[in-house]
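Note that the coordinates shown come from a computational prediction; the quantities given were computed from them, not determined experimentally. Computed from heavy atoms alone, side chains included, the values below leave out hydrogens, waters and symmetry copies. Chain naming here is simple, since letters A, B, ... match the order of the sequence lines and numbering starts at 1 in each.
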There are 2 protein chains.
Amino acid sequence: MILADSAANAWIERAPTRTPEIFVTVDVVILALRDDDLQVLLVKRKLPPFEGKWAIPGGALRVDESLEEGALRTLREKTGVTNVHLEQLYTFGALDRDPRGRTITIAYYALVPAPLAVQAGQGTTDAQWQSVYALPEMAFDHEEIVKYALKRLRYKLEYTAVGFRLLPETFTLSQLQRAYETILGVKLDKRNFRRRILQARVLEETGEYRLGEGRPARLYRYRADAVAEIKARRLFP
Amino acid sequence: MILADSAANAWIERAPTRTPEIFVTVDVVILALRDDDLQVLLVKRKLPPFEGKWAIPGGALRVDESLEEGALRTLREKTGVTNVHLEQLYTFGALDRDPRGRTITIAYYALVPAPLAVQAGQGTTDAQWQSVYALPEMAFDHEEIVKYALKRLRYKLEYTAVGFRLLPETFTLSQLQRAYETILGVKLDKRNFRRRILQARVLEETGEYRLGEGRPARLYRYRADAVAEIKARRLFP
DNA sequence: TCAAAAGTGTTTGTGGTACACCCATGG
DNA sequence: CCATGGGTGTACCACAAACACTTTTGA
């Protein structure tokens, strides 16, 4: 509080014309694969506006945290994880997006590995993973934000190796292919997929095998030293 | 700190009961081609902080305008034009980016056709086009913003038809090729360039010719009905 | 021995790249 | 007739796409 007040006062002393009248929030589209479905973590609002509607997690940006720190804090509060792919998505600032007053939100999206417990936080009555392909009625402009995140993820998948971030640390090529298929919404040819993903040199064998119903499958991991951007060509059409 | 925390959390659930403490600005990287050089419009600051340093135009977001309207207003004030390519770039929010207090800026970039007069506005003593390849010492984090805009423009040029927006309404293929070469910083093969840009079907002949030193050159214009995204393949490697 | 999933090569087509000369005009 | 920039085609190579069967394990 002391810190906040002194920062605010500094503005009034030295900033010429006006005091701030615009609220700033950070919201995060948290995505994960569950049951061969791409899902987003949604929270149910306890209070108006949009009471009882679903929203993506987020909240007011604190004066003493950067944008990314704000997004990471939201992520930590909801999922407990921090070592994930986190990327600024877009800033939404329509005049009427929050009935309480002028508010802009810097939206981020995060890709988290599949199996994750989630916690409802304060101000919310529930927290659930829900399919991005069947979104419920949502608060504010959050449906637009989720759809934009999906568009961006699909786009990014075509020319980067970001898909691994949705899988556990080690995974099989079939798992990875199913991830791509789930996100892109298309079937991919197994042989072409394997050839290209291996040619991209972003994976390495662990030497382990995953036993299951059929023939055991080689386990791979993401190469930490791999360049994330597949420079040569887009991975998939 | 605890007080500050609960106060910050409170407002997202309830009506905003306290004054925001974060300032919001919109800044615009305005780009144009001049003399086979890619240039950015910079203004010289009249007042501290960074008095006398160059900055990209922008200012406080007004409470009654959307983000894009704010960017358009800046653009209009500086160049008088509005019918240009304008796109949100990124939101910068480092804690120390403005010594006067916590400020985030939503950065846009604009592509304007080459020949444009510019006006110094209030709070500035000068406005000049300067090469993006030889930037002066700049205020705030504006150098980072300009460099990011260049990166994005190059990237975008590879898979969209956005290059036309830096040329006058009608132009020759050689002009267009020089634009691409100036922005990408590479030489392109004339025959391959022409074949690909024409195959992309985003241009149409005007039927006119531009007379000059050598053989007259066909004039083209951008097809208004063309899809901006070159879906099939990236235009250039 | 069967079910289930993993794993593997070849052919064909398309798009990318490299490359050099003639054309139309003005001075 | 010369200087200046405009305009054109082809051959080769690399990557993308289509396509079906064998292998390995557990039940």
Using a 4.0 Å heavy-atom cut-off across all strands, classify Arg218(A) as base, sugar-phosphate, or nothing.
sugar-phosphate

Check ion pair Glu143(B)-Lys147(B) (N to O, under 4.0 angstrom)
yes

Between Glu77(B) and Arg73(B), does any side-chain N to carboxylate O distance fall below 4.0 Å?
yes

According to the interplanar angle, ranging from 0 to 90°, do the rings of Phe92(B) and Tyr90(B) count as parallel (below 30°), tilted (30 to 60°) or perpendicular (above 60°)?
perpendicular

Check the angle between the aromatic planes of Tyr180(B) and Phe193(B) and answer parallel, tilted or perpendicular using the 30° and 60° thresholds.
perpendicular

Produce a footprint string for nucleotides 19-27 of chain D: one letter per nucleotide, 5' end first; B if the base is under 4.0 Å from any protein heavy atom, S if only the sugar-phosphate is, - if neither.
BB--BBB--

Whole Å only: how far is the [atom1] atom of [X] from the [atom2] atom of [N]?
{"X": "Leu188(B)", "N": "dA18(C)", "atom1": "CG", "atom2": "C1'", "value": "13 Å"}
{"X": "Phe193(A)", "N": "dA6(C)", "atom1": "CZ", "atom2": "P", "value": "12 Å"}
{"X": "Glu158(A)", "N": "dA16(D)", "atom1": "CD", "atom2": "C1'", "value": "14 Å"}
{"X": "Tyr209(B)", "N": "dT25(C)", "atom1": "OH", "atom2": "C1'", "value": "13 Å"}
{"X": "Lys187(B)", "N": "dT17(C)", "atom1": "NZ", "atom2": "C1'", "value": "18 Å"}
{"X": "Arg196(A)", "N": "dG9(C)", "atom1": "CZ", "atom2": "P", "value": "18 Å"}
{"X": "Gln177(B)", "N": "dG7(D)", "atom1": "CD", "atom2": "P", "value": "11 Å"}
{"X": "Gln175(B)", "N": "dG5(D)", "atom1": "CD", "atom2": "C1'", "value": "13 Å"}

Ring pair (Phe, Tyr, Trp, His ring centres under 6.0 Å) involving Phe171(B) - partner list, sequence neighbours excluded
Phe164(B)

Between the side chains of Thr91(A) and Thr91(B), is a donor N or O closer than 3.5 angstrom to an acceptor N or O?
yes

With no hydrogens and no angle check, just 3.5 Å: does a side-chain donor-acceptor pair link Arg194(A) and Ser174(A)?
yes

Position toward the 5' end of DNA chain C (nearest nucleotide), Leu219(A) or Gln199(B):
Leu219(A)

Phosphate oxygens OP1/OP2 of dA5(C): is one of them under 4.0 Å from a side-chain N or O of Ser174(A)?
no

